[in-house]
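Have a look at the structure below before the remarks.
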Amino acid sequence: MLFGIVYLACFYMDWAPFRYYPDARKFHLRITTQDGPAILWYGWLTAAAVVSAAVALVVPRRLAERLRPGWAWAVPLIIVILLLIYERRWFV
């Protein structure tokens, strides 16, 4: 659930720890305009995975088990709906 929340935040805020430039076949930490358009998706996935793994290591198992199973369906559904609302500009 946290992975989706962090991914959505990174996607919405246009924040990525690094960018991949396919024309130059290079990864950069900063924006480099001379290398063409960047792909931020790899950075979003990495950021979400690192944050989720860090929280998973810190949160005690007892606390994680207290979450109701319904949250496992509700949170991803809300995330998908919010992503579709944000991306509707490409389809109108």
Side-chain angles (χ1 to χ4, degrees):
M1 290 187 301
L2 183 62
F3 182 92
I5 294 168
V6 174
Y7 181 87
L8 179 66
C10 290
F11 179 75
Y12 182 73
M13 301 299 286
D14 201 28
W15 180 83
F18 59 86
R19 297 159 177 355
Y20 176 67
Y21 291 88
D23 291 342
R25 296 183 181 173
K26 295 180 183 176
F27 288 93
H28 290 286
L29 296 176
R30 294 196 174 102
I31 298 173
T32 11
T33 55
Q34 70 268 17
D35 287 335
I39 297 175
L40 286 88
W41 183 72
Y42 300 113
W44 296 336
L45 285 178
T46 304
V50 168
V51 170
S52 299
V55 170
L57 291 172
V58 173
V59 172
R61 181 180 283 284
R62 290 186 319 254
L63 183 62
E65 289 174 350
R66 288 177 37 191
L67 286 175
R68 291 183 170 218
W71 287 106
W73 288 98
V75 171
L77 181 63
I78 291 168
I79 290 168
V80 168
I81 290 169
L82 290 174
L83 280 171
L84 289 173
I85 290 170
Y86 182 75
E87 286 296 317
R88 75 173 185 251
R89 63 190 167 139
W90 297 105
F91 301 106
V92 176

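Note that CG of Asp23 is 9.0 Å distant from CD1 of Ile39, once rounded to the nearest 0.5 Å. Atoms CG and CD1, from Leu83 and Ile78 in turn, are 12.0 Å apart once rounded to the nearest 0.5 Å. In this structure, Leu84 CG and Ile79 CD1 are separated by 12.0 Å, a value rounded to the nearest 0.5 Å.
Residues Leu8 and Met13 are members of one and the same hydrophobic cluster, defined by side-chain heavy-atom contacts under 4.5 angstrom among Ile, Leu, Val, Met, Phe, Trp and Tyr. Using a 4.5 Å cut-off between side-chain heavy atoms of Ile, Leu, Val, Met, Phe, Trp and Tyr, with links allowed through other members, Phe11 and Leu45 fall into the same hydrophobic cluster. Val6 and Val59 fall within the same hydrophobic cluster, defined by Ile, Leu, Val, Met, Phe, Trp and Tyr side-chain heavy atoms under 4.5 Å apart, directly or through other members. Trp41 and Phe3 end up in the same hydrophobic cluster when Ile, Leu, Val, Met, Phe, Trp and Tyr side chains are linked at under 4.5 Å.
Summarising the geometry of Cys10 relative to Trp44, their closest heavy-atom pair is O-NE1, 3.4 Å, with the distance given to 0.1 Å. Between Leu2 and Ser52, the closest heavy-atom pair is C-OG, 3.7 Å. In this structure, Ala16 and Gly43 approach most closely via the heavy-atom pair CB-CA, 4.0 Å. Minimum interatomic distance between Tyr7 and Ala48 (heavy atoms only, all atoms of both residues): N-CB, 3.9 Å.
Here Arg61 pairs with Glu65 under the salt bridge (Lys or Arg N to Asp or Glu O under 4.0 Å) rule; sequence neighbours left out.
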Tyr20 vs Leu40, side chain to side chain contact (heavy atoms under 4.5 Å, CB included): CA-CA, chis, key distance, verdict: CA-CA 7 Å; Tyr20 176 67; Leu40 286 88; over 6 Å; no
Test side chain to side chain contact (heavy atoms under 4.5 Å, CB included) applied to Met1 and Leu67, step by step: CA-CA 11 Å; Met1 290 187 301; Leu67 286 175; 3.7 Å; yes
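Screening residues 70-92 for salt bridge (charged side-chain N to carboxylate O under 4.0 Å, His left out), with sequence neighbours left out, gives no hits.
Aromatic rings of His28 and Phe18 (six-membered ring for Trp) have centroids beyond the 6.0 Å cut-off, not under it. The aromatic ring centres of Tyr12 and Tyr86 sit less than 6.0 Å apart.
The shortest side-chain heavy-atom distance between Tyr21 and Ile31 falls under the 4.5 Å cut-off. Inter-residue side-chain proximity for Tyr42 and Arg19 is flagged as unmet; no heavy-atom pair is nearer than 4.5 Å.
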